[in-house]
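One structure is given below, encoded as structure tokens.
Because the structure is a prediction, the values reported are computed rather than measured.
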Amino acid sequence: MSANFYKIREIINESNPIEIEPLLDDEYSLEIKTIKEFINEQKTDLNLLALKDKINEVFCKTFEGYYTQSDHTLEVAKKIMDACLQAN
């Protein structure tokens, strides 16, 4: 499974986990790059819960005190996995 940065960016920006307004296209670029690398490293072993946990980890680390983990992260992870599967 190969991750596409732009598809992930679209999904993350749509989610806007820190609720930044106005949101710039590259606002979450470092976090998206980390998530993309994680997906590419996992290849066929990637699972939905691991991706959800990674997304939470990345945003908690970067936006400590501003990011709150939620059930919505599971939806975001599912959209990202679906997008990555379609890309292959």
Kindly indicate whether the side chain of K54, heavy atoms from C-beta on, has any atom under 4.5 Å from the side chain of Q42.
no
In the structure I gave you, are the side-chain heavy atoms of I20 and Y66 within less than 4.5 Å of one another anywhere?
no
Before accepting this row, confirm whether a basic side-chain N of the pair K61/E31 lies closer than 4.0 Å to the acidic partner's carboxylate O.
no
In terms of side-chain geometry, is the basic nitrogen of K78 or E75 positioned less than 4.0 Å from the acidic oxygen of its partner?
no
With side chain to side chain contact (heavy atoms under 4.5 Å, CB included) as the test, pick out the partner of Q69 among I55, N56, D53.
N56
Could you state the interatomic distance from [atom1] ([X]) to [atom2] ([Y]), rounded to the nearest 0.5 Å?
X   : Y   : atom1 : atom2 : result
I35 : I80 : CD1   : CD1   : 5.5 Å
T44 : N47 : OG1   : CG    : 11.5 Å
E57 : T34 : CD    : OG1   : 9.5 Å

Testing the basics here: between R9 and I32, what is the closest heavy-atom pair and its distance to 0.1 Å?
CA-CD1, 3.4 Å
Which heavy atom in S29 sits nearest to a heavy atom in F5, and how many Å separate them?
O-CE1, 3.8 Å
Closer than 3.5 angstrom, by distance alone: can the side chain of N13 be matched with the main-chain N or O of L23 as a donor-acceptor pair?
no
Quick one: does any side-chain atom of T62 pair with a main-chain N or O of F59 as donor and acceptor, under 3.5 Å?
no
Y28 and S15: side-chain donor and acceptor closer than 3.5 Å?
no
